[in-house]
Amino acid sequence: MVIMKFPQKLVRDFYKIFNQVITEEIPDGLKLPDSFSQLVAELKNNQYDAKTFAFSLRAMMEKLDREIRESKVSELMNRHFAASSIPKGIHCFSLRLTDEYSSNAHARRQLPSPELLPVLSNNSYHHFVLSTDNILAASVVVTSVGRSSLEPEKVVFHVITDKKTYAGMHSWFALNPVASIIVEVKGIHQFDWLTRENVPVLEAIESHHDFRNYYHGNHIAGANLSNTTPRSFASKLQARSPKYISLLNHLRIYLPELFPDLDKVVFLDDDVVIQRDLSPLWEIDLQGKVNGAIETCKGEDEWVMSKYFKNYFNFSHPLIAKHLDPDECAWAYGMNIFDLRAWRKTNIRETYHFWLKENLKSNLTMWKLGTLPPALIAFKGRVHPIDPSWHMLGLGYQSKTNIENVKRAAVIHYNGQSKPWLDIGFDHLRPFWTKYVNYSNDFVRNCHILES
C-alpha cells in the first residue's frame, strides 16, 4: 500500500478550517449525506466548499456518535430489565416446588430432623448464613459448599427467605439433601425479632414513594444522556436494582439478633460458588474486628479491584465530606466472616440505621449503590482484611475475567447484572456455576432450567 503525504500547506489549511468549525454552530438545515461514499461523491461533484465540507463531516460524526450512544443506552436498559426479571424456568421451578410442599408430606418434613436441632446453636460447627428468594441459586451455593468441604458433616446452613418463597425453598432442601450438610430453612416471617418496631428504617424504605420511584420508575427520565458515558449509565442502572430495597438484602445487618446463640458465622451471597474448603475461615484471627472481608482497592483490575470510598459516596454532600475519607479502601460483601460476639458489643446496627435515614432525608443524594455504602460506614474501623484468594469478584460484569484466576479462587462471585442463571450471563464463566445444578432432577428438567 502506498502512503501519500499531504503537502504541509494543505494540512495547515485543513487544520485551520476544522479548528474554526469546532467552535461554531452547525448551520440550520445542513443536509447530511447518508453515507461516507455519498459524501465523497458530492465532494467530487464540487457540491461543497471547504467549510461546508468540514461542517458536514463534523455533523456526520456527531450524528454517528449519538446513534452509538443511544444504541448502547438501549442495550444497557434491556440488560437491566433482563437482570431484574425472573426467568420463566426459575419461576416455574419455584411454583412447582411450592405446590409440592402442599401435596407431599416428605417436602414438609422438619428441617433439620428433631434430633439435630441442638446443632443449630452449637458453636463447634461451621455455620453459614444465606439470605435469598432464589431457590436454584441457593441450591448451587449449598451444593458447592458440600462438594468442597473436607468435613461436610460439620457444616450447618441457615437459609433465610421471604414468606412467598418459604414453601418452595423448604421443599427443595427437604427433598434434596446435600452430602452430610445440616440445612435449616426459615422465612423472615418466622423470626420474632424481625418486627416493624425493630426495623423501622427498612419499613420506610420499602414504602417511601421516592425510594420506590427511584428503584422501579423510569430510569431514563431526567438523565442527561449526552453527558453520560455508557459505563457511568451502566453503574447507575446497577445501583437502581429493585433488590436494594428488599429486606432480604439488608438482613445481614441483623445477624447478631437473628442468631443470638452463635459466636461466628460466614455470610454468603446467593450469586457465589464455593470451590475450596472454607473451614480455615473459622481459624482466622480477626484481631478483635467484627467483619473479615477482602479489600477491593489493591488489585490490578481497574473494574473490580479499584474501589475506594469515593467510588460509592457523593463527597459533595457536606455530611459525607465531614465524616468520610474519599481515599479509604472499600471492602466486599458476598463472603464475610462475622464475629457475632464482638459485633454485639458495638453500635453497628444503629449506625447503619442512622445513615439510611440521613440518605432518605437527603433524597438519596449521599450514595448511589444499595446496601454496601451504609455498611462501609457502619463497619468503619471494624473490618479485618483477609487474603483476596478467598473471594474473587466481578464474574457478573467483567467479561474479560482471567479463567486461571477463577479456577484458583476459593469463592467466585457473580456480582453484577450477568448472573449465570440468566441468558445474559457470560458463556465462558457460566460452567463454573452450572456444574452444581442437578439437571437430572425432575423439577429442574421439567422447568427447562437453562435449556439452550
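Atom set for the values below is all heavy atoms of this structure, side chains included, hydrogens, waters and symmetry mates excluded. Being a predicted model, the structure only gives us computed values, none of them experimental.
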Heavy-atom side-chain proximity of [X] to [Y] below 4.5 angstrom:
X	Y	result
Asn104	Leu175	yes
Leu281	His126	no
His317	Ser362	yes
Tyr414	Trp421	no
Glu257	Arg349	yes
Leu251	Leu258	yes
Val406	Ile412	yes
Pro87	Asp423	no

- Item | Full working for side-chain contact (heavy atoms from CB on, under 4.5 Å) between Leu268 and Ile274 | CA-CA 10 Å; Leu268 298 172; Ile274 290 74; 3.9 Å; yes

Would you tell me whether [X] and [Y] have side-chain atoms, one donor and one acceptor, within less than 3.5 Å of each other?
X	Y	answer
Asn134	Thr132	no
Asp261	Ser121	no
Asn363	Thr365	no
Asn438	Asn176	no

Could you measure the distance from the [atom1] atom of [X] to the [atom2] atom of [Y]? Nearest 0.5 Å is fine.
X	Y	atom1	atom2	answer
Met335	Leu278	CE	CG	6.5 Å
Ser418	Asp271	OG	CG	11.5 Å
Asp263	Asp339	CG	CG	7.5 Å
Asn446	Ile449	CG	CD1	10.0 Å
Asn402	Lys407	CG	NZ	9.5 Å
Lys419	Ile90	NZ	CD1	11.5 Å

Other residues, nucleotides, ligands: >12 heavy atoms within 6.0 Å of [X] [atom1]:
X	atom1	answer
His91	NE2	no
Asn347	CG	yes
Lys164	NZ	yes

Donor-acceptor pairs are to be reported for all side-chain atoms of residues 151-160 against protein atoms at under 3.5 Å, with residues two or more places apart or in another chain.
from, atom 1, to, atom 2, distance (Å)
His158, ND1, Glu184, OE1, 2.6
His158, NE2, His127, ND1, 2.8

- Task: Tell me whether the guanidinium CZ or amine NZ of Lys186 lies under 6.0 angstrom from the six-membered ring centre of Phe191 and within 45° of its axis.
- Result: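 Yes, a cation-pi geometry holds between Lys186 and Phe191.
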
Taking all atoms of both residues into account, what is the closest heavy-atom pair of [X] and [Y], and its distance?
X	Y	value
Ala138	Met169	CB-SD, 3.8 Å
Trp390	Pro280	CH2-CB, 3.9 Å
Ala293	Val383	CB-CG1, 4.2 Å
Leu319	Glu358	CD1-OE1, 3.4 Å
Leu97	Ile135	CD1-CG2, 3.9 Å

- Query: Which class fits the ring pair Trp331 and Tyr333: parallel under 30°, tilted 30 to 60°, perpendicular over 60°?
  - Reply: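 Trp331 vs Tyr333 ring planes: perpendicular.
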
- Message: Is the ring pair Phe309/Phe313 parallel, tilted or perpendicular, if the boundaries are 30 and 60 degrees?
- Response: tilted

- Task: Determine, stepwise, if the pair Tyr125 / Ile182 fulfils side-chain contact (heavy atoms from CB on, under 4.5 Å).
- Result: CA-CA 10 Å; Tyr125 286 75; Ile182 299 163; 4.2 Å; yes

- Item | Phe379/Trp343 aromatic ring centres below 6.0 Å |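 Ring-ring flag for Phe379/Trp343: true, centres closer than 6.0 Å.
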
- Query: Would you say the ring centroid of His353 lies under 6.0 angstrom from that of Tyr254?
  - Reply: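 Yes, the ring of His353 comes within the 6.0 Å limit of the ring of Tyr254, centre to centre.
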
- SB check Asp442 Arg445 (cutoff 4.0 Å): yes

- Can Asp269 and Arg252 be counted as an ion pair, charged N to O under 4.0 angstrom? yes

- Message: Could you walk me through whether Trp282 and Phe128 satisfy the ring-ring contact (aromatic ring centres under 6.0 Å, His included) test, starting with their C-alpha distance in whole Å, then the side-chain angles of each, then the deciding distance to 0.1 Å, before giving a yes or no?
- Response: CA-CA 11 Å; Trp282 273 263; Phe128 292 89; 5.1 Å; yes

- Task: Give the intermediate values and the outcome of side-chain contact (heavy atoms from CB on, under 4.5 Å) for residues Leu136 and Phe443.
- Result: CA-CA 10 Å; Leu136 185 67; Phe443 292 101; over 6 Å; no

- Message: Working note: Arg109 + His106, criterion side-chain contact (heavy atoms from CB on, under 4.5 Å); need CA distance, chi angles, decisive distance, verdict.
- Response: CA-CA 5 Å; Arg109 72 177 179 85; His106 293 292; 5.5 Å; no

- Query: In chain order, what residues pass the ring pair (Phe, Tyr, Trp, His ring centres under 6.0 Å) check against Phe93, with sequence neighbours excluded?
  - Reply: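 Once residues adjacent in sequence are excluded, the partners of Phe93 under the ring pair (Phe, Tyr, Trp, His ring centres under 6.0 Å) criterion are Trp172.
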
